[in-house]
Student: 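For reference, the structure I am asking about is given below.
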Amino acid sequence: MLLRPAEGARGAAAGADRSGAGTDASMEVLLMRRVRSMGFAPGAFVFPGGGVDERDADGGVPWTGPSPEEWARTLGTDVPMARALVCAAVRETFEETGVLLAGEPGSADEEAITLDTDTEEWERDRLGLIDRSRAFTEVLSRRGLVLRSEWLRAWSRWITPRTEPRRYDTWFFAAELPPGQVSRDVGGEADLTRWTDPAAVASEWEAGRMPMLPPTAVSCAELADCRTLRGVREARRDIVPIEPVIREVDGRLRVVAPNGVDYPLPKPGAAP
C-alpha cells in the first residue's frame, strides 16, 4: 500500500524528510484497476504488488533497516521467506508504479536523496525486472543503492477463503511515497491508476462503483481509521493469518473475518 499526504498537504511536505511535515495531515492511497483481461480479479481495484520471485530471496540484496531476521519475527516466517517478501514488495512496487523504496546507505533519520526513476536507463531496468532479464540485486548495486526496509510497515496477512478455487497467501505492507518521487501508470496490468482518500472507499465499494477484493477494502478502512501518515506509522499491527469466510447475513452475502466483523460484497450488477 503506497501512501502520500493528501493534495492539500503536499505543499507543506515538499522537501521535508520522512519524520517531518505532512505526517499529521490527511492521506491518500494508490489504487490500480486491473485490466478486464486478467485471469484473476479482472476489473478490481488493487494495491500495487505481485508474486515472489525466487531471486527475491537472494541474500546479496543491499539492505538497511530491520534485518531479515527481525522481519521474520514480525511476519511469522523463516528468514529466507521474510527476505523474499520484503524484496518482492519493493521490487513489485517499482515494476508497477516506478516508485523505488531505495536510497543511498545511511541512517533511517537522514533525509533521503531524490531518485529520478523516470529516465531511459531506469526504464530499461524496470522492464528487465518484469521480464526477469535483470536481477534486483544488480539494479541496486550498480547504482550504490540499498533497499530501505525501514520504509516498509508490515500491515496484514490474508489467505483466500477455502471455498475459492484459486487461493493465495498474501502479506500487505504500507509505505510512504519517498521524497521527490512520483508514481507512474506503467505496470501494464492496470487500465486506471488513482490516488484515493481511503475514507471514501467503503461507500464506493459497497455501491459497486469500486469493485475490489475484501482485503483491499478492509485495508482501506483500517487506513481511514488511522487518519494520518503518523497514525499509520504508530498503528499496532499483529501479523497473523486472516482467513475469512463468505456467509449470508440478513439476506446478503458478507465476508466474515475471524474476529466476527463482516464486510459487504459489491452489489451484483452494479456499474463499475
Side-chain angles (χ1 to χ4, degrees), residues 1-3 18 29-30 32 46-108 112-113 115 117 121-159 168-179 181 183-184 186-190 215 219 232-233 237 239 241:
M1 302 184 296
L2 197 58
L3 308 172
R18 297 175 65 83
V29 61
L30 186 64
M32 310 170 71
V46 298
F47 303 122
V52 173
D53 182 83
E54 61 181 16
R55 291 183 294 182
D56 290 326
D58 181 3
V61 173
W63 186 298
T64 63
S67 67
E69 290 76 14
E70 292 175 272
W71 276 107
R73 290 191 290 271
T74 297
L75 299 173
T77 69
D78 59 27
V79 173
M81 175 58 78
R83 181 186 290 113
L85 289 169
V86 171
C87 286
V90 175
R91 175 184 55 76
E92 286 280 350
T93 298
F94 176 57
E95 289 180 12
E96 296 197 349
T97 70
V99 172
L100 184 60
L101 301 171
E104 292 182 332
S107 70
I113 64 168
L115 296 178
T117 62
E121 184 179 4
W122 271 114
E123 185 63 8
R124 285 194 296 270
D125 282 342
R126 191 187 68 81
L127 295 174
L129 290 172
I130 292 175
D131 66 21
R132 302 299 184 255
S133 63
R134 282 173 167 78
F136 197 38
T137 301
E138 185 270 331
V139 169
L140 294 181
S141 298
R142 175 160 36 89
R143 294 177 171 83
L145 300 176
V146 294
L147 182 154
R148 302 298 292 265
S149 83
E150 67 270 26
W151 290 357
L152 288 172
R153 180 89 163 82
W155 196 257
S156 61
R157 176 187 178 187
W158 285 74
I159 300 176
Y168 297 90
D169 189 355
T170 306
W171 280 259
F172 290 81
F173 297 84
E176 296 171 31
L177 187 69
Q181 293 195 43
S183 63
R184 296 182 287 130
V186 293
E189 296 183 355
S219 297
V232 171
R233 293 181 186 180
R237 306 296 301 178
I239 309 303

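Below, all heavy atoms of this structure are taken into account, side chains as well, without hydrogens, waters or symmetry copies.
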Student: Who pairs with Trp122 by ring pair (Phe, Tyr, Trp, His ring centres under 6.0 Å), at least two apart in sequence or on another chain?
Tutor: Phe94

Student: Within the structure provided, determine whether Trp151 and Val90 are in side-chain contact (heavy-atom separation under 4.5 Å).
Tutor: no

Student: In Å, rounded to the nearest 0.5 Å, how long is the span from CG of Leu101 to CG of Leu145?
Tutor: 12.0 Å

Student: Any non-hydrogen side-chain atom of Ser156 less than 4.5 Å from a side-chain atom of Ser219?
Tutor: yes

Student: Measure from the side-chain N and O atoms of Arg157 to the backbone N and O of Ile239, and report whether any donor-acceptor pair falls under 3.5 Å.
Tutor: no

Student: Under the side chain to side chain contact (heavy atoms under 4.5 Å, CB included) test, which residues partner Pro48, sequence neighbours left out?
Tutor: Leu30, Met32, Glu96, Thr97

Student: Please report, to 0.1 Å, the donor-acceptor pairs under 3.5 Å made by any side chain of residues 51-59, with sequence neighbours excluded.
Tutor:
residue: Asp53; atom: OD1; partner: Arg132; partner atom: NE; Å: 3.0
residue: Asp53; atom: OD2; partner: Arg55; partner atom: N; Å: 2.9
residue: Arg55; atom: NH2; partner: Arg132; partner atom: O; Å: 3.0
residue: Arg55; atom: NH2; partner: Arg134; partner atom: O; Å: 3.2
residue: Asp56; atom: OD1; partner: Arg91; partner atom: NE; Å: 2.9
residue: Asp56; atom: OD2; partner: Asp53; partner atom: N; Å: 2.7
residue: Asp56; atom: OD2; partner: Arg91; partner atom: NE; Å: 3.4
residue: Asp56; atom: OD2; partner: Arg91; partner atom: NH2; Å: 2.8
residue: Asp58; atom: OD1; partner: Gly60; partner atom: N; Å: 2.8
residue: Asp58; atom: OD2; partner: Thr137; partner atom: OG1; Å: 2.9

Student: How about Val186 and Arg126: do any of their side-chain heavy atoms sit closer than 4.5 Å?
Tutor: yes

Student: Please report the shortest heavy-atom distance between Ser149 and Pro66, naming the atom on each side.
Tutor: OG-O, 3.0 Å

Student: Thr74: what forms a side-chain hydrogen bond (donor to acceptor under 3.5 Å, both in side chains) with it, not counting sequence neighbours?
Tutor: none

Student: Quick one: CG on Leu100 to CZ on Arg148, what's the gap to the nearest 0.5 Å?
Tutor: 11.0 Å

Student: By side chain to side chain contact (heavy atoms under 4.5 Å, CB included), which residues pair with Asp131, not counting sequence neighbours?
Tutor: Ser133

Student: Roughly how far, to the nearest 0.5 Å, is CZ of Phe136 from CG of Asp125?
Tutor: 10.5 Å

Student: Could you walk me through whether Arg143 and Leu115 satisfy the side chain to side chain contact (heavy atoms under 4.5 Å, CB included) test, starting with their C-alpha distance in whole Å, then the side-chain angles of each, then the deciding distance to 0.1 Å, before giving a yes or no?
Tutor: CA-CA 11 Å; Arg143 294 177 171 83; Leu115 296 178; over 6 Å; no

Student: List for me each residue that meets salt bridge (charged side-chain N to carboxylate O under 4.0 Å, His left out) alongside Arg124, sequence neighbours excluded, and say none if there are none.
Tutor: none

Student: Would you please name every residue forming a ring pair (Phe, Tyr, Trp, His ring centres under 6.0 Å) with Phe173, sequence neighbours left out?
Tutor: Trp71

Student: Could you give the distance from CD1 (Ile159) to CG (Asp169), rounded to the nearest 0.5 Å?
Tutor: 4.0 Å

Student: Measuring from Leu147:CG to Thr64:OG1, what's the distance to the nearest 0.5 Å?
Tutor: 7.0 Å

Student: So, using side-chain hydrogen bond (donor to acceptor under 3.5 Å, both in side chains) as the criterion, who are the partners of Trp171 when residues are at least two apart?
Tutor: none

Student: Which salt bridge (charged side-chain N to carboxylate O under 4.0 Å, His left out) pairs, counting each pair once, include a residue from residues 67-90, with sequence neighbours left out?
Tutor: none

Student: Return the minimal non-hydrogen interatomic distance between Met1 and Val29, and the atom names on each side.
Tutor: CB-CG2, 4.4 Å

